[in-house]
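Inspection log for the structure reproduced underneath, given as structure tokens.
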Amino acid sequence: MKYFILTGTSRGIGEALAHQLISDEHHLFCISRTPNESLAARKGLDYIQFDLNHIHGIEAVINTIFDKIDPAKAESLYLVNNAAVVAPLAPIENSPVDQIIHNIHINLLAPIVLTSLFIHHSSHLPIDKRILNISSASAKHHVPGMSCYSTAKAGLDVFSSSVALEQGSKDNAVKVVSVWPGMIDTHLQEEARNADQETFASSVLFHQVKDNGMLTTPQLAAEQIKELLLGDRFTQGALIENLYA
């Protein structure tokens, strides 16, 4: 049995990836703030409604998940840190403090905590273990008004590389990879397009990307992410800047 822990599965890439991973040989644990009824109704899946902004509650969620994993049946174990938020979309001096904190909690701190707990709880399992962090080209390519998002994603890439160094190639190591999935027609893109141009002038760039047909569908992105997660390209410490290469 392959076990998967996925965050941010209520919509977008997370939802598409979850649907594509469902199989008789797989068991999924899906985590999102808002429920996804179509996923929750599927067999071979546990749906956990939880807001990752509540950092101190993550440990209890992971404890519950690992209580349901049968070591005798486990062939492999995967964590996909996908949940993300883009707000605040404004110069930092005009960004509400609660949005700043929420952004860093969801985009960076939650994946760090989840990674820590995942490695700790799976340390005794002599199986294939992988963590895929869904990052963004925003870590490198910056636009005004997205300082929190870009900073969090850059931090996620550095964290992925650092943990990969810690794990290395030792026995029972967890492989950690960070990936930039490209420009995808998700709620985050829509939020950036529809942001007030007076506070987020860069919204015009996101309109142009949409109007010029440059956005990939979540389903296509999820197909490539699934292939990466389960395939040979998943090498320790890699930063996959081009998912479609």
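Just so you know, these numbers use all the heavy atoms, side chains as well, and skip hydrogens, waters and symmetry mates.
Arg193 contributes atom CZ, which lies 13.0 Å from atom CG of Leu205 (distance to the nearest 0.5 angstrom). For the atom pair His26 NE2 and Tyr3 OH, the distance stands at 12.0 Å (nearest 0.5 Å). Gln236 CD to Lys175 NZ: the interatomic distance, rounded to the nearest 0.5 Å, is 7.5 Å. Here CD1 of Ile101 is found 11.5 Å from CD1 of Ile55. Values are rounded to the nearest 0.5 Å. To the nearest 0.5 Å, atom NZ of residue Lys2 and atom CG of residue Asp128 are 7.0 Å apart.
In this structure, the side chains of Glu15 and Ser38 come closer than 4.5 Å at one or more pairs of heavy atoms. Side chains of Asn36 and Cys30 form no contact here, defined as non-hydrogen atoms less than 4.5 Å apart. Side-chain contact between Met146 and Ser202 is absent, with no heavy atoms from C-beta onward closer than 4.5 Å. For the pair Lys43/Ile22, no side-chain contact is recorded, criterion being any heavy-atom separation below 4.5 Å from C-beta on. The closest side-chain heavy-atom distance from Phe200 to Phe206 is below 4.5 Å. Within the 4.5 Å cutoff, side-chain heavy atoms of Ile225 are placed close to those of Ile13. Side-chain contact between Glu227 and Glu223: absent, with no pair of heavy atoms (C-beta onward) separated by less than 4.5 Å. With contacts defined as side-chain heavy-atom distances shorter than 4.5 Å, the pair Leu114/Leu52 qualifies.
Both Tyr78 and Ile240 are members of a single hydrophobic cluster when ILVMFWY side chains are connected at heavy-atom separations under 4.5 Å. Using a 4.5 Å cut-off between side-chain heavy atoms of Ile, Leu, Val, Met, Phe, Trp and Tyr, with links allowed through other members, Leu108 and Val177 fall into different hydrophobic clusters. Under the 4.5 Å side-chain heavy-atom criterion for grouping Ile, Leu, Val, Met, Phe, Trp and Tyr, Phe66 is not connected to Tyr47 through any hydrophobic cluster. Residues Leu243 and Met183 do not share a hydrophobic cluster, clusters being chains of Ile/Leu/Val/Met/Phe/Trp/Tyr side chains in contact below 4.5 Å. Note on Phe29 and Leu77: same hydrophobic cluster, where clusters join Ile, Leu, Val, Met, Phe, Trp and Tyr whose side-chain heavy atoms are under 4.5 Å apart, directly or indirectly.
Residues Ala221 and Thr216 share a closest heavy-atom pair of N-CG2, 4.1 Å. Here the shortest heavy-atom pairing between Pro91 and Ser95 reads O-OG, 3.0 Å. Residues His124 and Pro126 share a closest heavy-atom pair of O-CD, 3.2 Å. Taking both residues in full, the closest heavy atoms of Leu228 and Leu132 are given as CD2-CD1, 4.0 Å, listed atom of the first, atom of the second, then distance. Looking at every heavy atom in both residues, His27 comes nearest to Asp46 through NE2-OD1, 2.5 Å. Between Pro111 and Ile106, the shortest heavy-atom distance links the atoms CD-O, 3.4 Å.
By the neighbour-count criterion of 12 heavy atoms within 6.0 Å, atom CZ of Arg33 is sparsely surrounded, having that number or fewer from other residues, nucleotides or ligands. Few gaps surround CG on Asn212; more than 12 heavy atoms of other groups in view lie less than 6.0 Å from it. Within a 6.0 Å radius of CG in Asp232, no more than 12 heavy atoms belonging to other residues, nucleotides or ligands are found. No more than 12 heavy atoms of other residues, nucleotides or ligands shown are found within 6.0 angstrom of NE2 on His56. Within 6.0 Å of atom CD in Glu191, more than 12 heavy atoms from other residues, nucleotides or ligands are found, so the atom counts as buried in its surroundings. Atom NE2 of His207 has more than 12 neighbouring heavy atoms from other residues, nucleotides or ligands inside a 6.0 Å radius.
Judged purely by distance below 3.5 Å, without hydrogens or angles, the side chains of Asp157 and Ser178 pair a donor atom with an acceptor atom.
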